[in-house]
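Remarks on the structure that follows.
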Amino acid sequence: MDFILASQSETRCRVLRNATVSFYNISPNIDEISIIKSLVNDGTPHSDIPNVLAEFKAKKISAKNIDSWVLGCDQILSLGGKVFSKPSSKKKLLENLTQMAGKTHQLITANVIYKGAKPMWRYTAVSHLTMYPMTQGEIQSFITNFWLEVQNSSAGYCFEKTPHLFSKIKGNWFDIMGISITQVLNFLHQHNYARTASTPKIAAVLGCPVSHSKSPLIHRHWLQKNNICGDYIAIDIPEKNFSNTVKVLVDVGISGFNVTLPHKETALNLAHSKTKLALEIGAANTLIVDSNGDIKADNTDGYGFISNLEANGGNWLPGAGPALVMGAGGAARAILVSLLEAGAPKIYLTNRTKRRAQNLSEELLGKIEVIDWDEKEKLLSTISTLVNATSLGMTGKPALTISLKTLNKKALVTDLVYTPVNTPLLAQAKNAGYNTVSGIGMLLYQGVPGFHQWFGVLPKVDQELIKLVTK
Ligand code: NAP
């Protein structure tokens with residue numbers, strides 16, 4: 001038997017795909033705007049309108065596919081006694097958003113399943129969303145940036161991309177996306193169609209900007225590999241909105257987050273509990289939400305760094321001898337903490353701006369000795385691990401210039417920079433016969449603990465993933 005979604009909505013298709021339900025979709029081609037107008041004119045209660053439309057869609061497709069289950073969904077936005085439907089023009093959207101800004105509206109989402117041209121099941125959800133006030137300039141800029149994405153949305157916004165527009169929400173992620181997947185899955189599972197009735201889990205990377213992030217590629221690969229119901233998305237959040245937006249996203253049921261620049265310190269501060277490592281590093285890159293909605297902050301950069309060297313560094317042992325870390329930025333801090341934790345007997349730290357290295361060494365109170373940037377080559381014969389934690393060598397930046405002539409023959413050389421994967425430093429070290437490890441592995445391993453806690457499966461860093469991320 002088939003399961004058909006009577007919709008052309010890419011969002012609804014994606015939710016069903018991520019729920020690992022086998023289906024295909026057919027567009028019902030109905031004139032929604034005229035139907036809504038006539039229902040409103042007839043005095044139909046707003047809560048019934050999406051139900052009538054969802055039924056219309058399911059019935060139409062079911063009549064031609066008698067043996068299939070057919071799901072019809074519809075969503076309307078109700079505010080102040082008015083129904084808002086898909087904006088017909090940018091002018092209409094401007095009008096709608098002007099009325100919605102600063103107020104609480106209802107999103108009513110209806111789901112109806114038909115079989116044999118008869119209704120078998122229905123479910124309606126009501127979500128309450130409060131928008132921040134917006135100036136006309138902010139509304140105009142939203143329309144300029146998002147018109148293509150929102151012109152087919154009944155709400156006129158794209159919650160998944162701009163959750164920071166909302167100050168408060170009572171509702172659930174999937175109802176807001178326009179399909180009540182928990183209830184749909186329950187129905188399909190009871191009828192032996194869906195393999196699971198568990199609600200798909202959602203995680204996200206939060207940053208500003210975030211479009212460059214490779215995290216969605218990595219986590220979606222793991223979701224697919226492990227046949228897990230869920231999704232992982234990237235959300236761009238302006239710095240000033242970060243804390244409240246995280247709260248809103250937790251309230252709608254998101255399981256956790258990766259956090260990237262510039263939010264890592266705010267992420268640590270907003271968490272209800274913090275791991276020792278996150279506290280020592282002073283920043284969080286992973287947030288885990290528990291069943292009470294409490295947030296635990298972790299920092300997995302150091303875990304990623306050490307796991308990468310353990311997996312790809314041959315016989316490398318952190319305690320084998322001193323390390324020289326070049327660079328004293330945000331990433332260096334995590335490297336220093338994790339190397340000390342892993343048992344490095346001593347760390348030499350060097351940075352172009354010496355004061356920054358001195359501050360780090362004073363804060364971390366470890367066995368860290370700061371040396372001048374120009375003196376770094378003098379120590380090379382004594383070290384076991386050489387780390388580039390500067391941004392030198394990154395595509396578009398100058399290479400790190402260092403002579404490796406005196407470097408201890410047993411030393412391992414690693415670079416945090418991973419674009420390119422084979423940095424000038426790694427190429428130079430490889431040519432001289434040294435054991436080298438690329439920073440790409442650190443990027444992949446740092447995602448492992450978050451994925452494990454959000455989705456319940458310990459994912460693998462394999463060649464397929466490395467190929468995917470580096471192509
Ligand atoms: P950051 O906070 O901006 O620090 C940049 C570091 O590079 C500072 O130590 C800076 O020295 C140094 N630097 C920049 N230009 C330099 C130059 N011309 N000469 C000498 N030193 C220079 O950056 P970050 O977050 O620590 O990241 C550092 C690198 O690690 C980046 O390339 C990043 O992509 C990479 N990274 C990789 C991973 C991974 O998973 N593999 C994770 C995190 C970061 P000053 O203090 O003197 O400015």
Side-chain angles (χ1 to χ4, degrees), residues 205 207-210 212-215 217-219 258-265 267 277-278 281-286 298-313 324-339 347-361 363-364 368 370-377 385-402 413-426 436-451 461 465-466 469-470:
V205 53
C208 185
V210 78
H212 66 282
S213 172
K214 293 201 184 282
S215 293
L217 198 63
I218 298 168
H219 289 272
N258 280 129
V259 182
T260 182
L261 296 176
H263 304 310
K264 289 183 169 191
E265 277 151 29
L277 262 179
I281 295 167
N285 73 342
T286 304
D298 196 3
N299 192 310
T300 62
D301 278 339
Y303 167 89
F305 175 75
I306 298 288
S307 303
N308 184 31
L309 296 192
E310 284 174 348
N312 301 309
L324 170 61
V325 176
M326 299 176 282
R333 180 183 273 271
I335 303 312
L336 295 171
V337 170
S338 62
L339 272 172
I347 301 178
Y348 297 108
L349 176 63
T350 186
N351 193 47
R352 175 181 62 175
T353 313
K354 192 172 181 187
R355 186 67 248 164
R356 223 173 157 193
Q358 284 165 333
N359 289 347
L360 255 186
S361 134
E363 277 172 49
L364 295 176
I368 302 174
V370 175
I371 56 163
D372 283 343
W373 183 247
D374 295 333
E375 302 278 296
K376 56 185 178 300
E377 279 153 3
T385 315
L386 177 64
V387 185
N388 175 30
T390 73
S391 46
L392 289 172
M394 222 168 135
T395 310
K397 297 238 174 183
L400 170 67
T401 6
I402 184 167
V413 180
T414 187
D415 206 324
L416 264 55
V417 173
Y418 56 85
T419 44
V421 174
N422 192 24
T423 62
L425 173 67
L426 294 181
T436 61
V437 177
S438 153
I440 193 73
M442 173 177 167
L443 173 77
L444 304 178
Y445 278 104
Q446 63 79 30
V448 167
F451 188 93
V461 172
L465 178 60
I466 294 172
V469 174
T470 53

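All residue numbers refer to positions in the sequence shown, counting from 1. Indexing begins at 1, ligand by ligand and atom by atom, following the structure's order. Everything numeric in this text was worked out from a predicted model, so none of it was measured.
- An N or O contact shorter than 3.5 Å is missing between D301 and ligand 1 by distance.
- Checked against a 3.5 angstrom limit, the closest N/O atoms of R352 and ligand 1 fall inside it.
- Of the polar atoms of N351, at least one N or O is found under 3.5 Å from an N or O of ligand 1, judged by distance alone.
- Protein heavy atom closest to atom 45 (P) of ligand 1, with residue, atom name and distance, is T353 OG1, 3.4 Å.
- Ranking protein heavy atoms by distance to atom 42 (C) of ligand 1, first place goes to M442 CE, 3.6 Å.
- Counting only heavy atoms from C-beta outward, the side chains of L336 and L360 approach each other to under 4.5 Å.
- Under the 4.5 Å side-chain criterion, counting only non-hydrogen atoms from C-beta, I281 is not in contact with D301.
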For a side-chain contact (heavy atoms from CB on, under 4.5 Å) check, start with the C-alpha distance between M326 and L400, then their side-chain angles and the critical distance, and finish with the verdict.
CA-CA 10 Å; M326 299 176 282; L400 170 67; 3.6 Å; yes

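- Atom 23 (O) of ligand 1 is not flagged as protein-proximal [any protein heavy atom, distance under 4.0 Å].
- Annotation: atom 14 (C) of ligand 1 to nearest protein heavy atom, S391 OG, 3.4 Å.
- Applying the side chain to side chain contact (heavy atoms under 4.5 Å, CB included) test between V461 and each of I440, L444, N308 identifies L444 as the sole match.
- Between the side chain of T436 and the main chain of L426, no donor-acceptor pair closer than 3.5 Å is present.
- Side chains of F451 and I218 form no contact here, defined as non-hydrogen atoms less than 4.5 Å apart.
- Using a 4.5 Å heavy-atom cutoff, the side chains of S438 and N422 are not in contact.
- Of all the heavy atoms of A389, the ones lying under 4.0 Å from any atom of ligand 1 belong exclusively to the backbone.
- Side-chain contact check for L443 versus Q446: some heavy-atom pair is nearer than 4.5 Å.
- Residue contacts with ligand 1 include A328, since one or more of its heavy atoms lies under 4.0 Å from the ligand.
- At a distance under 4.0 Å, a protein heavy atom can be found next to atom 9 (O) of ligand 1.
- Between K354 atom NZ and L349 atom CG the span is 10.5 Å, to the nearest 0.5 Å.
- Residues T286 and Y303 are not in side-chain contact: their nearest non-hydrogen atoms beyond the backbone lie 4.5 Å or more apart.
- Atoms of ligand 1 found under 4.0 Å from any heavy atom of R356 (numbered from 1 in listed order, with element): 2 (O), 8 (C), 45 (P), 46 (O), 48 (O).
- Between the N299 side chain and the A283 main chain, a donor and an acceptor come within less than 3.5 Å of each other.
- For atom 33 (C) of ligand 1, the protein comes within 4.0 Å by no heavy atom at all.
- Two residues are said to be in side-chain contact when any heavy atoms from C-beta on lie closer than 4.5 Å; M442 and I335 meet this criterion.
- Residue contact annotation: F305 has no non-hydrogen atom under 4.0 Å from ligand 1.
- The contact set between ligand 1 and G329, taken as ligand atoms under 4.0 Å from a residue heavy atom, comprises 2 (O), 4 (O), 9 (O), 26 (O).
- Between Y418 and T470, every side-chain heavy-atom pair lies at or beyond the 4.5 Å cut-off.
- With hydrogens left out, the protein atom closest to atom 26 (O) of ligand 1 is A331 N, 2.8 Å, a heavy atom.
- Atoms of ligand 1 lying under 4.0 Å from at least one heavy atom of G330, given by number and element, are 2 (O), 26 (O).
- Nearest protein neighbour of atom 19 (N) of ligand 1, counting heavy atoms only, is L392 CD1, 3.4 Å.
- For the atom pair OH of Y348 and OG1 of T385, the computed distance is 12.5 Å after rounding to the nearest 0.5 Å.
- For Q446, the closest heavy-atom approach to ligand 1 does not fall below 4.0 Å.
- Within ligand 1, counting atoms from 1 as listed, the ones closer than 4.0 Å to a heavy atom of G327 are 9 (O).
- Those atoms of ligand 1 that come under 4.0 Å of a heavy atom in M394, given as number and element, are 32 (O).
- Taking each of L416, L349, T390 in turn, the one with a heavy atom nearest to atom 6 (C) of ligand 1 proves to be T390.
- Counting atoms of ligand 1 from 1 in the listed order, those under 4.0 Å from a heavy atom of W373 are 20 (C).
- Polar contact with ligand 1: present for L443 (N/O pair, distance under 3.5 Å).
- Listed by number with element, the atoms of ligand 1 under 4.0 Å from a non-hydrogen atom of V417 are 32 (O).
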